[in-house]
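Each chain gets a letter, A, B and so on, in the order the sequences are listed, and its residues count up from 1.
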Protein chains: 2
Amino acid sequence: MDFWFRCCVCSAQTPFGLRETKCACGGTLLVEYDLERAARDMTKAALRARPASMWRYAELLPVSNPEFIVSLGEGWTPLLRLDAAERALPLGKLWVKREEQNPTGSFKARGMSVALSVAREHGVRKVAVNSNGNAASALAAYAARAGMEAYAFLPKDCPWMIAEECVHYGARTTLVDGFIHDAGKIILDGKAEQGWHHVGTLREPGRAEGKKTMGLELAEQLGWKLPDVIVYPTGGGSGIIGMWSAFRQLRELGWIDGKLPRIVAVQETGCAPIVRAMSGRSGPEAAVDSTPTGMRVPNPPDGQLLVRILRETGGTAVEVSADDIRSAQTVMGKLGVSSSPEGAATWAGLAVLLDRGWIGPDEEVVLFNTSHAMKYWPKDGRSLPEVRSYEDWKKIQP
Amino acid sequence: MDFWFRCCVCSAQTPFGLRETKCACGGTLLVEYDLERAARDMTKAALRARPASMWRYAELLPVSNPEFIVSLGEGWTPLLRLDAAERALPLGKLWVKREEQNPTGSFKARGMSVALSVAREHGVRKVAVNSNGNAASALAAYAARAGMEAYAFLPKDCPWMIAEECVHYGARTTLVDGFIHDAGKIILDGKAEQGWHHVGTLREPGRAEGKKTMGLELAEQLGWKLPDVIVYPTGGGSGIIGMWSAFRQLRELGWIDGKLPRIVAVQETGCAPIVRAMSGRSGPEAAVDSTPTGMRVPNPPDGQLLVRILRETGGTAVEVSADDIRSAQTVMGKLGVSSSPEGAATWAGLAVLLDRGWIGPDEEVVLFNTSHAMKYWPKDGRSLPEVRSYEDWKKIQP
């Protein structure tokens, strides 16, 4: 095997495994690769000729035999320059990584593509996930593709359209009276009896590795130069862990140098454990009252590692209100971008940090738009005017 | 200028223009290019190094100055092999072009990217479209990106989520008591007074040219070899016209040879004017009673050209019922694909043609999945089971 685990706390190395995620010392296990060997085939030149897929980085993903790869066309999403916005703010350069253009309309496709490839290589037949939405629909799609049975457990107030999506892909979909960790408890309680492979955040190694490709793509799409700041909506935080792994591996390969981007975790007021932890407060939220988005994760599986990464990169964590998020969705829509609440939260977070002077006007910033706006729309949409003719239409103009 | 119009009926050549689409003889004007000049820079080798965007084919798109390009990250969508399905049917090779992975979640992004680039190059400030949905939301997004005012007119029974999407991107959105052509009449009646540039199907040259990139990509993604059959959901049919232009240009460039793919237009029973025309019946539908999808276009702007293309390629037109489409959506969902009714209609059409023996078991077929499943979901979704614990969950298992 060209990959193995290394504990991010005590640095102990252990063999790669399907279900391991924690070291004996309690630290999270991250996947390490034989980078010298990886770089033999995966040169920068070779990459330029590879398909527009996150599997272009196969040498840095924990699947031994490519026949087991479960792919639906994920990754290599556009990195769109928001030039009008960067002039207005102002900001040196502003990009948005359009993760909603993944197969299931969200960034979760990346993690599930790798998690289910690993699972398939290890002979898994039944997969289960607890999720605020998009991870569940991605699991459902990739399980369908892999011919596995999928079980999705979602908080009952999750976006209804994403729950429908799970059903579209044939997953056994159940709503749970509680939060994402309550949904996770059902899997923990049932997995021995049901034979479920648990693909919840940091319950297996594939998802964080899949998210790593966001960091690899960002580097390649920017010509192997990283931006000053990455603003990322944060729930469980596997995307931050994955991107940090990506940057460290790229540095070890000698493909990037200098400082890593300052990573900013954005959360919503009412459930911001990473923001609390960054300011030295720990322990569970007194009362969770944020909206049901992917950022609502009261007990992230490894909050300590997230804090360490944010500190190590010189980053920060910032909370924004539900109202700020709604306004930011309007702004992003008027830039032509279909932005989920989580994606819009990055815009709101950027505004806060520009305001504080934490981000300077000459800096280069990347926002992650993790999902489509429409996946979150309530059933009680606005009522639109209805006409029969141009004359009718003229009458209703202001 | 390196591009101009040629009438598809009388072959007369005229200068390219923003609003022309019909020759004096009544034929549709198609854009022609100086292919020799295009091939100087756009070699096959050069293409391999270009970005994963439909604008990689800029030499074959009618924008003179690249500064006017209005892009949101469209095109170069994945071509996914459905290997499990091709073994089961059986079929030589089966692919699905995942057009739902475009920026606005549909293939309409391609046409609007080009239409608004052309419009921007010509100084347009206000754009209007009549649409069954996805063309309107794409117009809205690209107009937002271009800083233009957008006016969208949609049949009142169009998918509510797509109407919402238009609003998300800031378009002035109006529902019309009627069909797509009734919505179009409002634009025709108002455009002089309002100064609207009409970007309805075949009202300007950009949209069909944008759709052309689907054909160019298909050829490049398959290594400059085309499939035997393309199955395409058809409303106004600009995608068929565009892909046919693509293949003819590629043949003239000497990049492909042999027969063109047989193009199959799929429509829904209750509004299938192309199916009627192919069997020699013409005139308007007696009564339109199909579901409100992009295929519901009772009077396609140039049905004659569509019939000619289908005949010339040895293709056909086939109608499928709303029930067939619903079943096909379930099938595609269980293959892991988020398929709109239009995309699923291609699966249903494929089944009909395999059944008839019109498509043989050794052939290579490409389906076009034009949009995401979720954009069409009704507000009265199914009710999912709700539990508090694993024990609860076990009780409700069958």
Visitor: Under 4.0 Å between a side-chain nitrogen and a carboxylate oxygen: does that hold for B/R110 and B/E217?
Guide: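 Yes, this pair counts.
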Visitor: Are the side chains of B/M112 and B/V129 in contact, using a 4.5 Å heavy-atom criterion?
Guide: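 The answer is yes; the side chains approach within 4.5 Å.
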Visitor: Does any backbone or side-chain atom of B/L82 lie under 4.5 Å from a heavy atom of chain A? Answer side chain, backbone, both or neither.
Guide: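 When you check distances to chain A, atoms from both the backbone and side chain of B/L82 fall under 4.5 Å.
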Visitor: Specify the closest pair of heavy atoms between A/A163 and A/L175, including all atoms of both residues, with the distance to one decimal.
Guide: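 Looking at all heavy atoms of both residues, the shortest contact is CB-CD2, 4.5 Å.
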Visitor: Is the shortest side-chain N to carboxylate O distance from B/E100 to B/K375 below 4.0 Å?
Guide: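 Salt bridge flag = no for B/K375 with B/E100.
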Visitor: Parallel under 30°, tilted from 30 to 60°, perpendicular over 60°: which one fits the rings of B/W377 and A/H168?
Guide: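 Ring orientation of B/W377 relative to A/H168: perpendicular.
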Visitor: So what's closer than 4.5 Å to chain B heavy atoms on A/V70: side chain, backbone, both or neither?
Guide: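 No part of A/V70 comes within 4.5 Å of chain B.
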Visitor: Quick check on B/Q397: does its CD atom have over 12 non-hydrogen neighbours (other residues, nucleotides or ligands) under 6.0 Å away?
Guide: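 Above 12, so yes.
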Visitor: Heavy-atom distance under 4.5 Å between the side chains of B/E193 and A/Y390, does that happen here?
Guide: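 Of all side-chain heavy-atom pairs linking A/Y390 with B/E193, at least one is under 4.5 Å.
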Visitor: Answer yes or no: is there a side-chain heavy-atom contact under 4.5 Å between A/K97 and A/L79?
Guide: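 In contact.
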Visitor: Tell me, for B/P378 versus chain A, whether the close heavy atoms (under 4.5 Å) come from the side chain, the backbone, both or neither.
Guide: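 The backbone, not the side chain.
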Visitor: Could you have a look at A/A144, A/P385, A/A143 and say which one has the most heavy-atom pairs with chain B under 4.5 angstrom?
Guide: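 Winner by heavy-atom pair count: A/P385.
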Visitor: Non-hydrogen atoms of chain A under 4.5 Å away: do they reach the side chain of B/V96, the backbone, both or neither?
Guide: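 Neither; nothing under 4.5 Å.
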Visitor: Flag the one option from A/I396, A/V337, A/T330 with the top tally of heavy-atom pairs under 4.5 Å to chain B.
Guide: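 Option with the top pair count is A/V337.
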Visitor: What residue in B/V176, B/T173, B/D182, B/L72 has the most heavy-atom pairs under 4.5 Å with chain A?
Guide: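 Maximum pair count with chain A is reached by B/L72.
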Visitor: Among A/D83, A/V167, A/T104, who wins on heavy-atom pairs under 4.5 Å with chain B?
Guide: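 Greatest number of close heavy-atom pairs with chain B: A/V167.
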Visitor: Which residue out of B/P78, B/A141, B/S338 racks up the most heavy-atom pairs below 4.5 Å with chain A?
Guide: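 When all of B/P78, B/A141, B/S338 are compared, B/S338 has the most.
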Visitor: Using a cut-off of 6.0 Å, state whether more than 12 heavy atoms not belonging to A/K126 lie near its atom NZ.
Guide: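 Yes, because the 6.0 Å sphere around NZ of A/K126 holds more than 12 heavy atoms from other groups.
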Visitor: If you tally heavy-atom pairs under 4.5 Å against chain B, which of A/M374, A/K379, A/Q221, A/E74 wins?
Guide: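 Looking at each of A/M374, A/K379, A/Q221, A/E74 in turn, A/K379 comes out on top.
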Visitor: Under a 4.5 Å heavy-atom cut-off, does chain B meet the side chain of A/A373, its backbone, both or neither?
Guide: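 It is the side chain, since no backbone atom gets that close.
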Visitor: At a 4.5 Å cut-off on heavy atoms, which part of B/S389 comes close to chain A: side chain, backbone, both, or neither?
Guide: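 Only the backbone of B/S389 comes within 4.5 Å of chain A.
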Visitor: Under a 4.0 Å N-O cut-off, is there an ion pair linking A/R81 with A/E86?
Guide: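 A/E86 and A/R81: salt-bridged.
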Visitor: By a 4.5 Å heavy-atom criterion (distance strictly below it), what part of A/S137 contacts chain B: side chain, backbone, both, or neither?
Guide: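 A/S137 has no heavy atom closer than 4.5 Å to chain B.
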Visitor: Can you tell me which portion of B/H372 sits under 4.5 Å from chain A's heavy atoms? Options are side chain, backbone, both or neither.
Guide: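 When you check distances to chain A, only side chain atoms of B/H372 fall under 4.5 Å.
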Visitor: Side chain, backbone, both or neither: which part of B/R98 has an atom under 4.5 Å from a heavy atom of chain A?
Guide: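 For B/R98, the side chain is the part near chain A, not the backbone.
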Visitor: Please state whether the side chain, the backbone, both or neither of B/D392 comes within less than 4.5 Å of a heavy atom of chain A.
Guide: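 Answer is neither: B/D392 stays 4.5 Å or more from chain A.
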Visitor: Is A/W347 close to A/L94 at the side-chain level, that is, under 4.5 Å between some pair of heavy atoms?
Guide: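 Sidechains of A/W347 and A/L94: in contact.
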Visitor: If you count heavy-atom pairs under 4.5 Å between each of A/K185, A/M161, A/E386 and chain B, which one has the most?
Guide: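 The answer is A/E386.
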Visitor: Which atoms of B/Y142 are under 4.5 Å from chain A, going by heavy atoms: the side chain, the backbone, both sets, or neither?
Guide: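 B/Y142 has no heavy atom closer than 4.5 Å to chain A.
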Visitor: Does some side-chain heavy atom of B/F68 sit less than 4.5 Å from a side-chain heavy atom of B/L116?
Guide: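 Counting from C-beta outward, B/L116 and B/F68 never come under 4.5 Å.
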Visitor: Heavy-atom distances under 4.5 Å only: say whether B/D189 touches chain A with side chain, backbone, both or neither.
Guide: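 B/D189 touches chain A through backbone and side-chain heavy atoms alike.
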Visitor: Tell me, side chain or backbone of A/K156 under 4.5 Å from chain B's heavy atoms, or both, or neither?
Guide: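 For A/K156, the side chain is the part near chain B, not the backbone.
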Visitor: Are any of the side-chain heavy atoms of A/Y57 and A/L47 separated by less than 4.5 Å?
Guide: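 Of all side-chain heavy-atom pairs linking A/L47 with A/Y57, at least one is under 4.5 Å.
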Visitor: Side chain, backbone, both or neither: which part of B/S53 has a non-hydrogen atom closer than 4.5 Å to chain A?
Guide: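 The answer is neither part of B/S53.
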Visitor: Would the distance check show the side chain of A/R145 and the main-chain N or O of B/G336 forming a donor-acceptor pair, the cut-off being under 3.5 Å?
Guide: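 Looks like no, no N/O pair under 3.5 Å.
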Visitor: May I ask you to name which of B/R48, B/Q194, B/R172, B/M332 has the most heavy-atom pairs under 4.5 Å with chain A?
Guide: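 Maximum pair count with chain A is reached by B/Q194.
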Visitor: Can you say whether B/L335 sits under 4.5 Å from chain A via the side chain, the backbone, both, or neither, judging by heavy atoms?
Guide: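 Only the backbone of B/L335 comes within 4.5 Å of chain A.
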